[in-house]
Asker: 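Have a look at the structure that comes next, please.
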Number of protein chains: 2
Amino acid sequence: MKTSADLKAEILVALAHPNRIRILELLRKDVMCNCELAPALELEQSNLSRHLKILVQAGILNSWKDGLRVNFKVADDRIFKILNVAAAIARRETEKKAEALEA
Amino acid sequence: MKTSADLKAEILVALAHPNRIRILELLRKDVMCNCELAPALELEQSNLSRHLKILVQAGILNSWKDGLRVNFKVADDRIFKILNVAAAIARRETEKKAEALEA
DNA sequence: AAACTATATGAGCATACACTCATATACTAT
DNA sequence: ATAGTATATGAGTGTATGCTCATATAGTTT
């Protein structure tokens, strides 16, 4: 049986990759398809497709077909809270290291 | 040069493991050392030590020596916001799958 | 100093991940 | 039907991760 920590980890594992974070940031405001994301992110098509699959399977993105294309949108805006806090903590850590160098 | 997505990913990668999440939940209220965490989590000492190192290096935990022991505490309570949102999204996803089974 | 306790780390192993190339599938347009 | 476009996936490769066992290091107690 999956514990609560397992469930949280599944979401975070899906998020925890620079390219998947970049995907989410592009989808912050727009709905986009693989074919629009690939050039914007400069990712190989098959690689991007796999990253998107991971995000959809985790429930972070929704997707639907539109003719040839598959469109993607963020399923739950709260995901950006996670990214904001991660950014804040990373910033703090960067500053701490800068101070350590000065001293 | 590290991008903003890289920095966020570093924090999230450090978080994204069930055992590291369990560590944080034990440290939510208390300061604890490896020797107290190990039996509580039923983790091998060396394994736990490595997980703790990852959390410290990411700036998620602070640590200091106290005699033989090394104590750990959460460096920034905002980390729990991340865990709370991850839990909420995971819960939503679980419910969605349950509905899909009923229908 | 010797025995004991707490933590860290090297080595080795199995597994998971990210990536690429080639190919398959699905839909569209002529 | 044919050619073209968008996406998905199999196979292979290199690297990273998580774990364990054994050992090293650091501090404590007698």
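Numbers restart at 1 for each chain; the letters A, B, ... are given by sequence-line order, proteins then strands.
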Asker: I'd like to know if B/Lys96 pairs up with B/Glu93 as an ion pair, taking the criterion as any Lys NZ or Arg NE/NH1/NH2 lying under 4.0 Å from an Asp or Glu carboxylate oxygen.
Answerer: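 Yes, B/Lys96 and B/Glu93 are salt-bridged.
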Asker: Is A/Glu25 salt-bridged to A/Arg20, cutoff N-O under 4.0 Å?
Answerer: no
Asker: Do B/Ser46 and D/dC21 have a side chain to base donor-acceptor pair shorter than 3.5 Å?
Answerer: yes
Asker: Examine C/dA18: is either OP1 or OP2 under 4.0 Å from a nitrogen or oxygen in the side chain of A/Asn47? Give yes or no.
Answerer: no
Asker: When the distance from CD of B/Glu10 to P of D/dT17 is rounded to whole Å, what number comes out?
Answerer: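 The distance from CD of B/Glu10 to P of D/dT17 comes to 11 Å, rounded to the nearest Å.
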Asker: Taking for each residue the nucleotide of DNA chain C bearing the nearest heavy atom, is the 5' side occupied by B/Asn34 or by A/Leu43?
Answerer: B/Asn34
Asker: Will you find, in the side chains of A/Asn19 and A/Arg22, an N or O donor that is under 3.5 Å from an N or O acceptor?
Answerer: yes
Asker: For residues B/Ile23 and B/Leu52, report the shortest heavy-atom separation together with the two atoms involved.
Answerer: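 Shortest heavy-atom separation between B/Ile23 and B/Leu52 comes out as CG2-CD2, 3.8 Å.
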Asker: Determine whether the side chains of B/Lys8 and B/Ser4 contain a donor N or O and an acceptor N or O closer than 3.5 Å.
Answerer: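 The answer is yes; a qualifying pair exists.
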Asker: Please state how far atom CD in B/Glu44 lies from atom C1' in D/dA22, giving the value in whole angstrom units.
Answerer: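 Checked: the CD to C1' distance equals 10 Å.
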Asker: Return the value, rounded to whole Å, for the distance between atom CG of B/Asp66 and atom C1' of C/dT5.
Answerer: 14 Å
Asker: Could you work out which one of C/dA26, C/dA6, D/dA6 sits closest to the side chain of A/Lys65?
Answerer: C/dA26
Asker: Counting side-chain heavy atoms from C-beta on, which of C/dC19, C/dT9, C/dA6 comes nearest to B/Ser49?
Answerer: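 So the side chain of B/Ser49 is nearest to C/dT9.
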Asker: In terms of side-chain heavy atoms of A/Ile54, which of D/dA26, D/dT7, C/dA18 is nearest?
Answerer: C/dA18
Asker: Can you tell me how far P of D/dG18 sits from CG of B/Leu41, to the nearest Å?
Answerer: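 Those two atoms, CG and P, are 15 Å apart.
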Asker: So for B/Gln45 and C/dA6, does any side-chain atom that can act as donor or acceptor lie under 3.5 Å from a complementary atom in the base?
Answerer: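 A donor-acceptor contact between them is absent.
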Asker: Using whole Å, what does the distance between atom P of nucleotide C/dT7 and atom CH2 of B/Trp64 come to?
Answerer: 13 Å
Asker: Starting from the 5' end of DNA chain C, give me the residue, B/Leu52 or A/His17, whose nearest nucleotide shows up first.
Answerer: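 The residue mapped nearer the 5' terminus is B/Leu52.
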Asker: Return the value, rounded to whole Å, for the distance between atom CG of B/Leu48 and atom P of D/dC21.
Answerer: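 In whole Å, D/dC21 P and B/Leu48 CG are 15 Å from each other.
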Asker: Between C/dT9, C/dA18, C/dA8, which nucleotide gets closest to the side-chain atoms of A/Arg20?
Answerer: C/dA18
Asker: What is the separation between atom CG on B/Leu55 and atom P on D/dT17, rounded to the nearest whole Å?
Answerer: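 Taking CG of B/Leu55 and P of D/dT17, I get 14 Å after rounding.
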Asker: I need the minimum non-hydrogen distance between B/Ser63 and B/Val70, along with the two atoms involved.
Answerer: CB-CG1, 3.9 Å
Asker: Side chain of A/Leu68: nearest nucleotide among C/dA8, D/dG27, D/dG4?
Answerer: D/dG4
Asker: C/dA16 P sits how many Å from A/His51 NE2, rounded?
Answerer: 18 Å
Asker: Any side-chain N or O of A/Asn19 under 4.0 Å from OP1/OP2 of C/dC19?
Answerer: yes
Asker: From the list C/dA18, C/dT9, C/dC21, which nucleotide is the closest neighbour of the side chain of B/Lys53?
Answerer: C/dT9
Asker: Looking at the base of D/dT17, is there any donor atom on it, or on the side chain of B/Arg50, that sits under 3.5 Å from an acceptor on the other one?
Answerer: no
